[in-house]
Amino acid sequence: MNFVKRAGTSLRARKSKAAALLAVFVVLCTLLLGGFLLQGATARQEAEVQRRVGVDVTVRGEGLTRHLADRLGGSERVHRYNPVLSLRAGARGFAPLRSEGGGSDGAGAGDGEQPAVTLNGVRDFGLLLPFSYGSARITAGRGVAPGDADRDVVVVEERLAAKNGLAPGDTLRLASADGERTVSATVVGVFRDPAPDPARWTPSYELPGNLLYVPVRTAERLGAGASEVREAVFRIGAPEQAEGLHSAAERLLGGGDFDFRVNDKAYRDQVRPVQRVGAFAELIVWLVAVAGALILGLVVLSQTRERREELGVLLSMGERKWKLVGQLVVEVAAVAVPAVFLAVLIGRVAAGPAGDALLPRAADEPAAHPGTAPAPVDPPQLRAGAVDVGRVAGIALGISLVATVVPGVGILRLHPRSILATDT
């Protein structure tokens, strides 16, 4: 009889033992699949944390211009970047805030008057420290975005907006410090700065309510072409990439003295729990694979010993040893294949609760309203793909092969006559 047909006949004759073997395989395959799903989900979540949270690197130094910041920001390791260009400007057609007490400063510029407001030229509002950490926040409209690079827009503080009745959509006229250039900018947002008004007289451009944000190129036009930025913040994916960014900054800045600071606290707070879950999932896979091979090996060895007489009769009839081993392999593999599909069905039911229980929640970085409190992001769903199922099936069949070949070779080393004599 063909050893494959003989394996099918043997399974039908030993239904209870086949069912027990199937139950063991289902448990092993379910644990294996769970480990692979956790590994895949943690890898996706870690990549998402890198994209959303990342690591902020702040560069300060003489000779750092907007053009150099753009070149450094074009690096493949940089996800987002934000140069900051600060200057003073005059107000045209609106009234800046005034400090109580003595002193005088003008609303305009020129004719001996001091500039009345401070402009911060920025590229990406979401990378400004007061807004990303929530001490300041947008109360209406939005902040300056990379898409505003060639537009004249402005974000004003709510005290200045309240005094002049400003809202998103209105227009402000800003003047250069020497009064020779003016820019009409559209208000796109209003923000709240928690800093209180000073108790004693302060120049108007130092009042927190007179701070305005505009795109960097708008600030350059009002600053007579000045392009040396105060600092530039670069967001990279992981702390390990900071060294490469430092080397690139040294080349661009000519190896001069500059300040290079890495802030990876938020990244590590978010990534470490995810990495721990990933390591736990990898440990599960290894433990299940090794323990599964040992357990199934013992089960098959026990069943093979019970079938010594059957094996001895077949050998005495001239059946080749490799066919007997092949029969054992086919019997175990025939149980392993349906166990994989049952594990997939169980995984679909249990994936949701398991993912919520095991995967940590990462913090999202709001894009539309920088400065608002981060909202939690749901962990990625555990979903079984064809690759995961294939890996489980491969390991299950590998376990079945090891669990049958090793015990089978040990038994079949005996002579058929010795087997039959022992049984009698």
Side-chain angles (χ1 to χ4, degrees), residues 56 58 60 82-109 113-144 153-170 172-175 177 185-216 218-219 222-223 229-231 233 261 263 265-266 365-366 368-375:
D56 287 345
T58 303
R60 299 185 181 94
N82 182 55
V84 179
L85 173 62
S86 296
L87 55 89
R88 300 172 187 173
R92 296 290 175 84
F94 69 96
L97 298 174
R98 300 289 184 182
S99 180
E100 297 294 333
S104 64
D105 46 25
E113 298 177 337
Q114 295 182 355
V117 297
T118 295
L119 298 183
N120 273 351
V122 298
R123 179 181 183 272
D124 191 339
F125 219 69
L127 294 182
L128 291 171
L129 190 63
F131 294 88
S132 60
Y133 284 90
S135 59
R137 64 186 182 90
I138 291 288
T139 58
R142 62 175 179 84
V144 177
V153 298
V154 61
V155 181
V156 302
E157 210 276 335
E158 65 177 5
R159 282 168 285 193
L160 182 66
K163 181 176 181 178
N164 292 273
L166 298 173
D170 293 339
L172 281 185
R173 291 184 63 209
L174 301 169
T186 302
V187 178
V188 294
V190 178
F191 72 96
R192 175 177 298 166
D193 189 332
D197 291 327
R200 57 184 181 180
W201 182 86
T202 304
S204 63
Y205 56 82
E206 294 184 4
L207 295 176
N210 284 335
L211 175 62
L212 290 78
Y213 291 94
V214 297
V216 177
T218 301
L222 290 173
V229 300
R230 185 182 72 199
E231 66 180 24
V233 178
R261 297 187 181 182
N263 181 10
K265 183 179 183 302
E365 179 191 355
H369 301 288
T372 58

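No hydrogens, no waters, no symmetry mates; every other heavy atom, side chains included, goes into these values. Numbering of residues begins at 1 and proceeds along the displayed sequence.
Separating the CZ atom in Arg142 from the CZ atom in Phe191 is a distance of 15.0 Å, to the nearest 0.5 Å.
Here the closest non-hydrogen pair linking Ala91 and Pro96 is CB-CD, 4.1 Å. Across all their heavy atoms, Ile138 and Gly143 have their closest contact at CD1-N, 4.1 Å. Considering all non-hydrogen atoms of both residues, Pro83 and Val229 come closest at CB-CG1, 4.0 Å. Scanning all heavy atoms of the two residues, the minimum distance from Tyr213 to Leu128 falls at CE2-CD1, 3.6 Å. Considering every non-hydrogen atom in both Pro196 and Pro208, the closest pair reads O-CG, 3.7 Å.
By the neighbour-count criterion of 12 heavy atoms within 6.0 Å, atom CZ of Arg230 is densely surrounded, having more than that number from other residues, nucleotides or ligands.
In this structure, the side chains of Val188 and Val154 stay at 4.5 Å or more apart for every pair of heavy atoms. Under the 4.5 Å side-chain criterion, counting only non-hydrogen atoms from C-beta, Val117 is not in contact with Leu211. Side-chain contact check for Leu207 versus Ser99: some heavy-atom pair is nearer than 4.5 Å. A 4.5 Å side-chain heavy-atom check between Leu160 and Leu212 finds at least one atom pair inside the cut-off. Using a 4.5 Å heavy-atom cutoff, the side chains of Glu158 and Lys163 are not in contact. Counting only heavy atoms from C-beta outward, the side chains of Val190 and Val156 approach each other to under 4.5 Å.
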I'd like to know whether Asp170 forms a side-chain contact (heavy atoms from CB on, under 4.5 Å) with Thr186, so could you lay out the CA-CA distance, the side-chain angles of the two residues, the decisive distance to 0.1 Å, and finally the verdict.
CA-CA 6 Å; Asp170 293 339; Thr186 302; over 6 Å; no

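Remark: side-chain polar atoms of Asn82 are paired, donor with acceptor, to backbone N or O of Arg123 under 3.5 angstrom. Here the side chain of Thr58 pairs no donor or acceptor atom with the backbone of Asp56 at under 3.5 angstrom. Between the side chain of Asn164 and the backbone N or O of Ala161, no donor-acceptor pair lies under 3.5 Å. Looking at Glu157, its side chain does come within 3.5 Å of a backbone N or O of Asp193 through a donor-acceptor pair. Looking only at distances, no side-chain donor or acceptor of Thr139 sits under 3.5 Å from a matching main-chain atom of Arg192. Under the 3.5 Å distance criterion, the side-chain polar atoms of Asn210 are matched with a main-chain donor or acceptor of Leu97.
No side-chain donor-acceptor contact under 3.5 Å links Arg88 and Thr118.
Between Val214 and the options Val153, Asn120, Leu174, Leu87, a side chain to side chain contact (heavy atoms under 4.5 Å, CB included) holds for only Leu174.
The aromatic rings of Phe125 and Phe131 sit tilted relative to each other, their planes meeting at an angle between 30° and 60°.
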